[in-house]
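Contents: one structure, followed by commentary.
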Amino acid sequence: MSTPSPEQGAATAPSDFIRDIVAEHVAQGRYPRIHTRFPPEPNGYLHIGHAKSICLNFGIAREFGGVCNLRMDDTNPAKEEAEYVDSILADVRWLVRDWADDRLGLKPAGATPKAIDSQGQPDFYLGPAAGADAAGAKLEPFYASDYFEQIYTYAVALIEKGKAYVCDLSPEDTEAYRGAPDRPGRDSPFRARTAAESLDLLQRMKAGEFPDSARTLRARIDMASPNIWLRDPILYRIRHAEHHHTGQQWCIYPMYDFAHCLSDYLEGITHSICTLEFEVHRPLYDWILENLNLPRPLPHQYEFAKLIPGYTIVSKRKLIQLVNEKAVTGWDDPRMPTLSGIRRRGVPASAVRSFVIGVGVTKFISLTDMAVFEHAIREDLNKRALRRLAVLRPIKVVITNFPEGKVEELDAVNNPEDPNAGTRKIPFGQTLYIDRDDFMENPPPKYFRLRPGGEVRLKYAYIIKCDEVVKDAAGNVIELRCIADLESKTGGATAARKIKGTIHWVSAAHAIDAEVRMYDRLFTVPEPDAAGDFKQHLNPHSLEILSAKCEPSLQTAAPAQHYQFERLGYFALDPDSAAGKLVFNRTIALRDTWAREMQKK
RNA sequence: UGCCCGAUGGUGUAACGGUAGCACAACAGACUCUGAAUCUGUUUGUCAUGGUUCAAAUCCAUGUCGGGCAGCCA
């Protein structure tokens with residue numbers, strides 16, 4: 001077990017029931033190496049729920065000196081696409097970078113399981129590229145579809161042992177014969193088929209002699225089992241379809257239950273960790289492996305409760321609907337719970353990790369409060385974000401006793417949490433912009449921003465007093481005329497005066513324009529998909545676009561950099577930005593106790 | 001009405017027969033040239049009923065409530 005370095009902090013998870021099991025196996029020396037896997041189906045983009053699984057599987061690999069294979073669980077040609085494979089790889093790389101990237105199990109492009117000899121028995125194995133192998137070669141994820149040949153061999157072996165048979169029942173009849181949870185099933189009329197006949201039929205299924213669904217290969221287990229998955233489950237079905245990875249090569253495809261356990265075995269997986277709904281499949285997982293007389297140690301399945309975050313949805317089927325029906329701009333819309341959306345919004349991978357690791361691993365199904373995620377984001381960004389001054393809803397301020405045309409360069413710290421971040425200069429002139437929220441004509445008690453006749457400190461600059469409120473014909477405040485205490489500049493004679501409020505500002509003559517996208521939760525209720533149509537709970541105000549005035553240094557804002565617009569929140573540059581057009585996403589607002597106080601009234 | 005799984009403050013989790021702890025949230029205060037951050041303090045919990053035991057959140061039994069399983073999806 002590796003010792004975590006101090007800066008990894010929360011990146012190393014506390015123990016949980018799965019880690020306890022792994023630790024015991026390590027203590028017993030049960031496996032030569034701990035090997036986990038993350039096996040998404042490439043039928044959609046990865047989301048925050050997957051992040052929990054990724055961090056669990058990679059976390060275990062990194063804590064116990066093991067490896068975690070990234071594997072496409074692609075046994076259903078009808079639903080899977082290469083676009084999803086690419087996005088999955090990119091998202092996983094992003095999430096584990098600088099944390100567990102050295103544990104990421106990939107294989108040389110095109111590699112398939114090799115026939116090997118295990119203790120005198122024929123065997124197949126495909127391990128991750130390592131060392132010199134990995135250095136030069138082009139790598140790719142593992143694919144269950146790369147094992148179709150071996151899986152077929154195992155199917156033949158099962159038939160030969162009398163453990164499987166070809167069944168000619170139609171889909172409807174198969175369902176009828178299966179019975180119900182509280183009613184036993186009945187044997188298929190084809191259950192007694194001889195091994196020789198089944199072998200012949202399977203071979204002809206593979207050769208394409210039969211149409212879709214004409215026949216299936218089934219395990220011969222127990223039609224009366226109280227566990228439905230043991231009632232002669234289907235192992236293979238006929239699908240004449242183009243597969244994103246294997247093309248036209250196959251017209252029979254193994255079912256999840258048959259492919260998954262064998263994929264785990266072929267890759268030498270030791271701990272196959274999945275979500276709770278597969279718990280009832282575990283006896284089948286074990287049955288298949290145990291009935292094949294496999295020479296190497298068998299993998300075992302462990303289940304945990306998936307992450308269910310509040311005020312969003314993590315069903316791939318529903319996310320795809322939002323994308324197709326244009327409720328969002330795409331899979332990577334910053335309001336989406338997808339990893340690509342979260343990344344685009346400006347959330348660092350380290351914050352995602354600290355969140356999903358923090359919620360823990362149990363078998364208790366729970367709804368996770370998004371405040372926990374928000375806290376993780378703020379905690380992370382507070383340490384790393386560069387402070388900048390930007391005004392979201394500008395109102396003009398003229399400093400009447402400051403010389404017109406004079407420009408002062410003021411020093412501003414880049415990050416009070418990090419002295420090494422240094423300082424920058426910001427220009428100050430006679431005409432400024434401040435945020436509309438920072439002025440009130442008739443403020444409530446305890447409002448300590450600007451008011452008529454009141455004083456406020458301009459961050460890094462002067463204390464000003466509001467002399468005059470200028471309005472347009474409609475009565476809207478369009479300008480504030482203020483007098484500055486010219487001795488009160490930071491470091492000046494009266495700078496130490498106790499002024500309750502400090503606000504941000506930008507010099508009108510130097511300000512640069514930016515589009516700022518303000519995001520709110522995508523749904524208005526904690527569990528949008530609990531009942532009825534989840535789309536009726538879509539938040540109509542989940543996006544608000546603002547034209548902001550920013551301090552000039554933001555002109556060179558970098559895509560990978562995180563910013564805190566002081567007193568407002570954390571922001572990151574959006575890929576929609578172009579030369580001369582800045583677009584920022586608000587990652588998350590700062591905690592705002594004043595706003596909360598106002599809300600209460 | 002079959003089988004499997006689960007239940008600890010508002011939320012998420014820890015305690016592995018021996019002081020119910022942590023985080024988030026909430027509340028109160030301190031500090032503050034970010035009403036942020038930071039710091040201090042406060043409130044709130046073992047699903048129920050029996051049993052075993054010197055001692056039970058923990059072990060056993062029964063019940064209650066919640067979830068999963070009847071795709072040729074994963």
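Per chain, numbering begins at 1; letters A, B, ... match sequence-line order.
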Subject >> A48(B) to U58(B) separation - P atoms, rounded to the nearest Å >> reply: 10 Å
Subject >> Phosphate OP1/OP2 of C24(B): any H375(A) side-chain N/O under 4.0 Å >> reply: yes
Subject >> Any-strand Watson-Crick or G-U partner of C16(B), both distances under 3.5 Å >> reply: none
**OP:** Give a yes or no on whether the backbone of A385(A) and the side-chain of E417(A) come within a donor-acceptor separation of less than 3.5 Å.
**Re:** no
Subject >> Polar side chain donor-acceptor pair, T502(A) to R567(A), under 3.5 angstrom >> reply: no
**OP:** With RNA chain B as reference, determine whether E597(A) or T75(A) sits nearer its 5' end, using the nearest nucleotide of each.
**Re:** E597(A)
**OP:** Using the P atom as the reference point in each nucleotide, state the distance between C22(B) and A56(B) in Å, no decimals.
**Re:** 24 Å
Original post:
Okay, side chain of R378(A), backbone of A589(A): is any donor-acceptor separation there less than 3.5 Å?
Top reply: yes
**OP:** State which of G2(B), U8(B), G68(B) makes the closest approach to the side chain of V280(A).
**Re:** G68(B)
Original post:
Strictly by modelled atom types, are N415(A) and R387(A) linked by a side-chain donor-acceptor pair under 3.5 Å?
Top reply: yes
**OP:** Answer yes or no: does a side-chain N or O of R591(A) lie under 4.0 Å from OP1 or OP2 of A37(B)?
**Re:** yes
**OP:** Just call it for T593(A): base, sugar-phosphate, or nothing, with non-hydrogen atoms closer than 4.0 Å on any strand.
**Re:** sugar-phosphate
**OP:** Under 4.0 Å between any heavy atoms, over every strand shown, what does Y236(A) touch: base, sugar-phosphate, or nothing? Just pick one.
**Re:** nothing
Original post:
Within the structure, does a side-chain N or O atom of R237(A) lie under 4.0 Å from either OP1 or OP2 of C73(B)?
Top reply: yes
**OP:** Classify the nucleic acid contact of E374(A) as base, sugar-phosphate or nothing, counting any heavy atom under 4.0 Å across all strands shown.
**Re:** nothing
Subject >> G-U wobble or Watson-Crick pairing nucleotide for C59(B) (cut-off 3.5 Å, both distances) >> reply: G51(B)
**OP:** For N227(A), answer base if it contacts any base atom (sugar-phosphate contacts may also be present), sugar-phosphate if it contacts only those atoms, and nothing otherwise; contact means non-hydrogen atoms under 4.0 Å.
**Re:** nothing
Original post:
Taking only N and O in the side chain of T362(A), is any of them less than 4.0 Å away from OP1 or OP2 of U13(B)?
Top reply: yes
Original post:
Touch check for F304(A), heavy atoms < 4.0 angstrom, all strands: base, sugar-phosphate only, or nothing?
Top reply: nothing
Original post:
Sub-3.5 Å donor-acceptor pair from the side chain of R231(A) to the main-chain atoms of R178(A), do we have one?
Top reply: yes
**OP:** Ignoring backbone atoms, test whether S366(A) places a side-chain nitrogen or oxygen under 4.0 Å from the OP1 or OP2 oxygen of U13(B).
**Re:** yes
Original post:
Between R387(A) and D182(A), who's closer to the 5' end of RNA chain B by nearest nucleotide?
Top reply: D182(A)
Original post:
Is there a donor on the side chain of N43(A) or the base of C73(B) sitting less than 3.5 Å from an acceptor on the other?
Top reply: no
**OP:** Using a 4.0 Å heavy-atom cut-off across all strands, classify Y256(A) as base, sugar-phosphate, or nothing.
**Re:** base
Subject >> Under-4.0 Å side-chain N/O to phosphate OP1/OP2 contact, R239(A) with C73(B) >> reply: yes
Original post:
Under 4.0 angstrom, heavy atoms only, what part of the nucleic acid is H260(A) near: base, sugar-phosphate, or nothing?
Top reply: nothing
Subject >> Cation-pi check, K316(A) onto Y45(A) ring (under 6.0 Å, within 45° of axis) >> reply: no
Original post:
Counting any heavy atom closer than 4.0 Å, what does R457(A) reach on the DNA or RNA strands: base, sugar-phosphate only, or nothing?
Top reply: base
Original post:
So which nucleotide does A30(B) pair with, by the Watson-Crick or G-U wobble rule with both distances under 3.5 Å?
Top reply: U38(B)
Original post:
In whole angstrom, what separates R183(A)'s CZ from G2(B)'s C1'?
Top reply: 11 Å
Original post:
For S170(A), which contact category applies under a 4.0 Å heavy-atom criterion: base, sugar-phosphate, or nothing?
Top reply: base
**OP:** If C69(B) has a Watson-Crick or G-U wobble mate with both distances under 3.5 Å, name it; if not, just say none.
**Re:** G2(B)
**OP:** Starting from C1' on C4(B), measure out to CD on E279(A) and report it in whole angstrom.
**Re:** 7 Å
Subject >> Nucleotide nearest M255(A) (side chain, heavy atoms from C-beta), chosen from A74(B), G12(B), C69(B) >> reply: A74(B)
Original post:
How would you label the contact of L367(A) with the nucleic acid (heavy atoms, under 4.0 Å): base, sugar-phosphate, or nothing?
Top reply: sugar-phosphate
**OP:** Say whether, by atom type as modelled, one donor and one acceptor occur between the side chain of Y462(A) and the main chain of I399(A) under 3.5 angstrom.
**Re:** no
**OP:** Output yes when at least one side-chain N/O atom of R317(A) is less than 4.0 Å from OP1 or OP2 of A74(B), else no.
**Re:** no
Original post:
Where the side chain of A495(A) is defined as all heavy atoms beyond and including C-beta, which of C33(B), A25(B), C4(B) is the nearest nucleotide?
Top reply: C33(B)
Original post:
Looking at the angle O4'-C1'-N9-C4 for a purine or O4'-C1'-N1-C2 for a pyrimidine, is G51(B) syn or anti, with syn meaning within 90° of 0?
Top reply: anti
Original post:
Once you round it to whole Å, what is the distance between P of U34(B) and CG of N415(A)?
Top reply: 13 Å
Original post:
Can a side chain N or O of R596(A) be found less than 4.0 Å away from OP1 or OP2 on A25(B)?
Top reply: no
Original post:
Does U64(B) have a Watson-Crick or wobble partner in any strand here, with both distances under 3.5 angstrom, and which is it?
Top reply: A7(B)
**OP:** Would you mind classifying the nucleic acid contact of R449(A) as base, sugar-phosphate or nothing, using non-hydrogen atoms under 4.0 angstrom?
**Re:** base
Original post:
So what does Y253(A) touch, heavy atoms closer than 4.0 Å: a base, only the sugar-phosphate, or nothing?
Top reply: nothing
Original post:
If we take the C1' atom in both U32(B) and U40(B), what is their distance in whole Å?
Top reply: 16 Å
Subject >> Steps toward side chain to side chain contact (heavy atoms under 4.5 Å, CB included) verdict (I273(A), R37(A)) >> reply: CA-CA 8 Å; I273(A) 301 166; R37(A) 104 267 94 111; 4.2 Å; yes
**OP:** Scan L169(A) against the nucleic acid and name what it touches under 4.0 Å (heavy atoms): base, sugar-phosphate only, or nothing.
**Re:** base
Original post:
Going by modelled atom types, is there a donor-acceptor pair between the base of C33(B) and the side chain of T502(A) at under 3.5 Å?
Top reply: no
Original post:
How would you label the contact of P416(A) with the nucleic acid (heavy atoms, under 4.0 Å): base, sugar-phosphate, or nothing?
Top reply: base
